[in-house]
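Atoms within each ligand, like the ligands themselves, are counted from 1 in listed order. The figures here come from the full heavy-atom set of this structure, side chains too, leaving out hydrogens, waters and symmetry mates.
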Amino acid sequence: MMQKNYFKLEEPFKLSRIAYVNGNYLDFKKSLIHIEDRGYQFADGVYEVFNVSDSKLVDYDLHLKRLFRSMGELKIKSPIAKNTYIYHVKNIIKKNIIINGLIYLQITRGVAPRDHKFPVNQKSSIVITGRHLPADEYEIKFKEGIKVTTHDDLRWGRCDIKTVSLLPNVLAKQDAYIKGASEAWLINKEGHITEGCASNAWILRKDNTLISHPSNNSILTGITRTSFLKGLRKHSIKFKELKFKIKDVRNAKEAFVTSATQHVTPVIKVDKIKIGNGKPGKFASIFRDVYMEALQLK
Ligand code: PMP
């Protein structure tokens, strides 16, 4: 007999999802955006992913700050007042009864006749959705560690902006997935590993120094990265912003990825390179605790 999974909501009891779309709370299935939205035609938009833990937002202030920076860099106007974002984001958590999961917030330059140059006083579009993440998904990945492949970094020169223009990331991630890995680390023309498709990349050297690519235009400075580093400063663990290559990965003691949904996750293999003994090392739990202590809930 099939074992019943009591933690999985049965179909009839599944909630209908609610999305916030340009001022209205709508049934997810009926939420639509105009065909001439510039996000659809030019990937002309930005986004944020917030982690939700016990129905609270993780590092909300830092995510909002990065959202406004991304909009500023692309000269996209905020569609709503800065202090009202929290109200709508919290409403999506409540209306969808999210306990552990994520919030996806996207802003595009809005609807205009297709033309590369953009109208200056364009009303931008906003969409906020939320969804549950199975609570044990992260735990399994943390315990087992993840495999990573490598891929050419084909992205543009402003990876510091969190734009929805993600085609190189999408292709690299798909390539990783086909090869049985969860993430791809991107390697630029100089042979440096910049970051993952959807996470920051880290190695722990044999001298116990933690290394990650410098925070510049070649990477998205993750909010998880920022909080984790804030936490590290309280401990006596050495960290250096340094560019690193595959040969450094080969010599690494441990390796990690960080992101809002993956927190700190150990990497056990990069292509054919086994990290340590092929199992998560002892720093994985230390680093996870450091991050968990440093994050802010709202
Ligand atoms: N780099 C890239 C390219 C990403 O897409 C992400 C996830 N959004 C990150 C890094 C990690 O960012 P965060 O910690 O804010 O989720």
Engineer: May I ask you to check whether F42 and H116 place their ring centers less than 6.0 Å from one another?
Structural biologist: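 When the ring centroids of F42 and H116 are compared, they turn out to be within the sub-6.0 Å range.
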Engineer: Can you check whether Y85 and F68 have ring centres sitting under 6.0 Å from each other?
Structural biologist: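 Yes, the ring centres sit under 6.0 Å apart.
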Engineer: One pair per line, please: each N/O atom of ligand 1 matched with every protein N/O atom under 3.5 Å away, atom names first, then the distance to 0.1 Å.
Structural biologist:
residue, atom, partner, partner atom, Å
ligand 1, 1 (N), E195, OE1, 2.6
ligand 1, 8 (N), K162, NZ, 2.4
ligand 1, 14 (O), I223, N, 3.3
ligand 1, 14 (O), T224, N, 3.0
ligand 1, 14 (O), T224, OG1, 2.6
ligand 1, 15 (O), R66, NH1, 2.9
ligand 1, 15 (O), R66, NH2, 2.9
ligand 1, 15 (O), I223, N, 2.8
ligand 1, 16 (O), A260, N, 2.8

Engineer: Can you list everything that forms a side chain to side chain contact (heavy atoms under 4.5 Å, CB included) with D175? Sequence neighbours excluded, please.
Structural biologist: H151, K179
Engineer: Considering only Ile, Leu, Val, Met, Phe, Trp and Tyr, and joining two whenever side-chain heavy atoms are under 4.5 Å apart, list the other residues clustered with F283.
Structural biologist: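 Under the 4.5 Å side-chain rule, F283 groups with V58, W202, L204, L210, F228, L229, L232, I237, F239, F256, V264, I286, F287, V290, Y291, M292, L295, L297.
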Engineer: Applying side chain to side chain donor-acceptor pair (under 3.5 Å), name anything that partners N169, two or more places apart in sequence or on another chain.
Structural biologist: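 In terms of side chain to side chain donor-acceptor pair (under 3.5 Å), with neighbours along the sequence ignored, N169 is linked to no residue.
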Engineer: Determine, stepwise, if the pair H263 / Y138 fulfils ring-ring contact (aromatic ring centres under 6.0 Å, His included).
Structural biologist: CA-CA 8 Å; H263 316 303; Y138 169 70; 4.4 Å; yes
